[in-house]
Amino acid sequence: EAQVTQNPRYLITVTGKKLTVTCSQNMNHEYMSWYRQDPGLGLRQIYYSMNVEVTDKGDVPEGYKVSRKEKRNFPLILESPSPNQTSLYFCASSPFTPAGTEAFFGQGTRLTVV
Amino acid sequence: AQTVTQSQPEMSVQEAETVTLSCTYDTSESDYYLFWYKQPPSRQMILVIRQEAYKQQNATENRFSVNFQKAAKSFSLKISDSQLGDAAMYFCAYRTHTTSGTYKYIFGTGTRLKVLA
């Protein structure tokens, strides 16, 4: 089954404790991205990657890191989480062609930083 | 910069009735793609419908249809014969091209739809 898999689905952590949210897709998509969803703000892009070893900042990259060492994986790293990073996070993937293909989303990760 | 605006934070509709969710966007591009996503309480993002800007014809998917007005930069979603399972958050999204030759999706702030039995 074609899917984007995120783990974990729920995470509670303390301020400053490094964490990684994993994302994997099995559709051979070139493009992967991370979003955070906050009430009243919709989904905002954190980082995206066009292909292996190619990443770039989205609209809200501060406090986050990513890496793309393999085409299928795109982990999101919070080196020193802070309470303002409490949010719902989504990983998404899509192919370059055919043009206009929608983004396929993971199940979401609810992160709470205390 | 491209923006997507959903001006209705919340809407209600009676079961079996029709409801229209609004979405406007701002862009200088002539070719782009528009989407409506549904997010039920499970949080999963589900594609409802897509529209290609170069196509005049409005997209339809069963009970879901859009009213795409390119000149007005408007992309509303009409849900006919509303069902209880349609209750969800709905996001309008625009797919653009960045200056680096790739593309990104820009989302609106969402409209929460309640369906009343």
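Sequence lines set the chain letters: A, B, ... in the order given, protein chains first and strands last, and positions in each chain run from 1. What you see is a predicted model; the values in this text were computed from it and never measured. Side chains included, hydrogens not; waters and symmetry mates left out as well; all remaining heavy atoms used.
- Panel note: side chain B:K78, backbone B:T18; no donor-acceptor pair is recorded below 3.5 Å.
- Side-chain N or O atoms of A:Q25 include none that pairs as donor or acceptor with a backbone N or O of A:S93 at under 3.5 Å.
- Remark: aromatic rings of B:Y37 and B:Y90 are distant, center separation not under 6.0 Å.
- For A:Y47, the ring-ring contact (aromatic ring centres under 6.0 Å, His included) test picks out no residue, with sequence neighbours left out.
- Only the side chain of A:Q37 comes within contact range of chain B, judged by heavy atoms closer than 4.5 Å.
- Because its NZ or CZ atom is both nearer than 6.0 Å to the ring centre of A:Y10 and within 45° of the ring axis, B:R43 counts as a cation-pi partner of that residue.
- Proximity of a side-chain donor or acceptor of A:Q85 to a complementary backbone N or O of A:G63 within less than 3.5 Å is detected.
- Heavy atoms closer than 4.5 Å to chain A are found in the side chain of B:R50, but not in its backbone.
- Under the 4.5 Å side-chain heavy-atom criterion for grouping Ile, Leu, Val, Met, Phe, Trp and Tyr, B:Y33 is connected to B:L47 within one hydrophobic cluster.
- Side chain of B:W36 to backbone of B:S65: no donor-acceptor contact under 3.5 angstrom is found.
- Neither the backbone nor the side chain of B:Q6 comes within less than 4.5 Å of any heavy atom of chain A.
- Contact of B:Y105 with chain A is made through backbone and side chain together, with heavy-atom distances under 4.5 Å.
- Interface residues of residues 13-24 of chain A toward chain B, defined by a heavy-atom distance below 4.5 Å: none.
- Taking 4.5 Å as the heavy-atom cut-off, the residues of residues 104-114 of chain A that approach chain B are A:F105, A:G106, A:Q107, A:G108, A:T109, A:R110, ordered by number.
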Requested in this report: Any chance you could lay out the ring pair (Phe, Tyr, Trp, His ring centres under 6.0 Å) test for A:Y35 and A:Y89, step after step, and finish with the verdict?
Outcome: CA-CA 6 Å; A:Y35 297 86; A:Y89 291 87; over 10 Å; no

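- For B:Y54 and B:Y32, the distance between ring centers is not under 6.0 angstrom.
- Contacts from residues 108-117 of chain B to chain A, taken as heavy-atom pairs separated by less than 4.5 Å, involve B:G108, B:T109 in sequence order.
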Requested in this report: Check the pair B:F107, B:Y94 against ring pair (Phe, Tyr, Trp, His ring centres under 6.0 Å), reporting the backbone distance first and the verdict last.
Outcome: CA-CA 7 Å; B:F107 289 83; B:Y94 168 101; over 10 Å; no

Requested in this report: Begin with the C-alpha distance, continue with both residues' side-chain angles, and end with the deciding distance and a verdict on side chain to side chain contact (heavy atoms under 4.5 Å, CB included) for A:Y64 and A:L76.
Outcome: CA-CA 7 Å; A:Y64 304 94; A:L76 178 70; 4.0 Å; yes

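- Residue A:L41 touches chain B through its backbone alone, counting heavy-atom pairs closer than 4.5 Å.
- Under the 4.5 Å side-chain contact rule for hydrophobic residues, A:W34 and A:L88 do not share a cluster.
- Between the B:N67 side chain and the B:S76 main chain, no donor and acceptor come within less than 3.5 Å of each other.
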Query raised in the report: Can you check side-chain hydrogen bond (donor to acceptor under 3.5 Å, both in side chains) on B:E29 and B:T96, steps first, answer last?
Result: CA-CA 8 Å; B:E29 293 184 323; B:T96 184; 3.0 Å; yes

